[in-house]
Amino acid sequence: MAKRTRVKDIFTGRIGQEYRVMGWVRTFRNNQFIALNDGSCLANLQVVVDFENTDPDLLKRITTGASLSILGNLIASQGKGQSVELSATEITVLGDCDAEIYPLQPKKHSLEFLREIAHLRFRTNTFSAVFRVRHALAYAIHKFFNDRNFVYLHSPIITGSDAEGAGEMFQVTTLDLNKVPKNDDGSINFKKDFFAKATNLTVSGQLEAELGALALSDVYTFGPTFRAENSNTSRHLAEFWMIEPEVAFNDLNDNMDLAEDMLKYLISYALDNCAEDLVFLEQRLTEEEKVKPQQERSEMALTEKLRFCLDQPFERLTYTEAIEILKNSTPNKKGKFQYPIEKWGADLQSEHERYLVEKHFKKPVILTNYPKEIKAFYMRMDDDGKTVRAMDVLFPGIGEIIGGSQREERYDVLLSRMKEMHIPAEEMSWFLDTRRFGTVPHAGFGLGFERLVQFVTGMTNIRDVIPFPRFPGNAEF
Ligand code: ATP
Ligand code: MN
């Protein structure tokens, strides 16, 4: 048996040469033309069957969804739509597929329906393209950091600290929920639990990354994070992947530069390496947008929007400046915001972030120096005592894609912030130790991987850019 050649490589194969391909039937036309796909690229390989000399029982088994192994000779294509095709000399059915009950018919299915059959949706053009792009971006992230001498740090997924402060956590326990051991005062006795303490799934690897950065200087994490927030939005998952670089000796400006360089690198990597998939996803998005009302349609096609982000510096401004813009904005004055902006200190909602990016500046925006009340305890206090050195990167169609900050490196200031915000300092002595023993200025951020994949692929719902999404009420597959 000749070795398998991937469909992707067949397109640059040698005419006249014999190849073996394996894959799944997308369609079988006129008992003669098989469109075969093996996921190695978007395009199907056209396989020509000599139906007059093929066993009719075999022909019947070539149905949409069936898997085949085919030996054949590569020939220049007679028809239009492809440059080469394979003239089959031997066809073996690897797995039959009953077309009567196969959920993926060769027609257009809604994304909602495909989400219900997420175990099969990889076999569609849309999802195979999305997951190839997702892979390319994951690879590019490691390449970006490796080229810059960062160390990839694996932060724990089960955490014993409940002070990460980024959201509601999922508890991890082996206690029998039907007979939970109690202390005398009625509280749960976690001493009896697996780790002899209460544990959770991590919401962020940042605190651990900080520990690494204060020795290795440049580190990043890239792993799953979990939030039990009950938000049924198109931008939130209960399980998502986050990239968190943390760099010693960096200040807020260095942090913004790193975030901007990284996002631009990743977007251009996708443009350079995923051209076929992006052109397809662009057409898909344009079709999807046709049914939307005019004012909700994007002014730019997908790849145009991606290039647009590369061409100019991101707009950088402070929270205070942004509040002024928002206060005086037309939607605010006309009462169009669901959460009107009345005064300094207001937390920004997605509608405000998107107004700044899509309507006001019309490019990615980095907002900095937020009020301390609406940000985490570990962010470095500004000299005014009112704002902290936070930064959020806001993207068109997405809103917040990155959240980060310069960290509070001064022991006394950090400790008093923790007290103010009721963070149990005793339980976090390990974190405070870095500020006691050779502290340095440092900064970092978290990039939500799925939000990046959403932006690059133009998929509207975050549930369509992760293979098996977890969200309230759903943990299928
Ligand atoms: P948001 O305000 O959008 O809920 P956040 O401020 O809670 O996000 P951070 O704690 O700053 O988010 O997390 C860093 C990044 O992780 C965010 O910028 C975003 O890209 C991503 N992210 C946060 N929560 C989620 C989620 N539930 N699902 C997917 N990505 C998320
Ligand atoms: Mn944030």
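No hydrogens, no waters, no symmetry mates; every other heavy atom, side chains included, goes into these values. Atoms within a ligand are numbered from 1 in the order they appear, just like the ligands themselves.
Short contacts between ligand 1 and I402, defined as distances under 4.0 Å to a heavy atom of the residue, involve ligand atoms 18 (O). Ligand-side atoms of ligand 1 in range of I462: 29 (C), range being under 4.0 angstrom from any heavy atom. The M242 neighbourhood of ligand 1 comprises atoms 13 (O), 14 (C), 15 (C), 16 (O), with distances under 4.0 Å to a heavy atom of that residue. Close contacts of ligand 1 with G446, meaning ligand atoms under 4.0 Å from a residue heavy atom, involve 14 (C), 15 (C).
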Please report the C-alpha distance between H142 and F144 in whole Å, then the side-chain angles of each, then the deciding distance to 0.1 Å, and finally whether the ring pair (Phe, Tyr, Trp, His ring centres under 6.0 Å) criterion is met. CA-CA 5 Å; H142 288 301; F144 175 86; over 10 Å; no

Would F337 and Y355 satisfy side chain to side chain contact (heavy atoms under 4.5 Å, CB included), going step by step from the backbone distance to the final call? CA-CA 10 Å; F337 284 142; Y355 172 82; 4.0 Å; yes

Pair H352-Y339, ring pair (Phe, Tyr, Trp, His ring centres under 6.0 Å): steps then yes or no: CA-CA 9 Å; H352 309 127; Y339 298 89; 7.1 Å; no

Stepwise ring pair (Phe, Tyr, Trp, His ring centres under 6.0 Å) test for F314 and F395: CA-CA 10 Å; F314 296 178; F395 256 43; 5.7 Å; yes

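Between F240 and ligand 1, no pair of N/O atoms sits closer than 3.5 Å.
Evaluated by nearest non-hydrogen atom to atom 27 (N) of ligand 1, the leading choice among E229, R235, R470 is E229. Residue nearest to atom 3 (O) of ligand 1, selected from E400, K375, R451: R451 (by heavy-atom distance). The heavy atom nearest to atom 24 (N) of ligand 1, considering only R227, Q454, E244, is found in R227.
Heavy atoms of H236 found under 4.0 angstrom from ligand 1 belong to the backbone as well as the side chain. Heavy atoms of I401 found under 4.0 angstrom from ligand 1 belong exclusively to the backbone.
The six-membered or imidazole ring of F222 lies away from that of Y152, with a centre-to-centre distance of 6.0 Å or more. Residues F122 and F127 place their aromatic rings such that the two centres sit no closer than 6.0 Å.
H442 and E409 share no donor-acceptor pair across their side chains, judged by distance under 3.5 Å alone. Using modelled atom types and a 3.5 Å distance limit, the side chains of N125 and R26 yield a donor-acceptor pair.
In this structure, E450 has no heavy atom closer than 4.0 Å to ligand 1.
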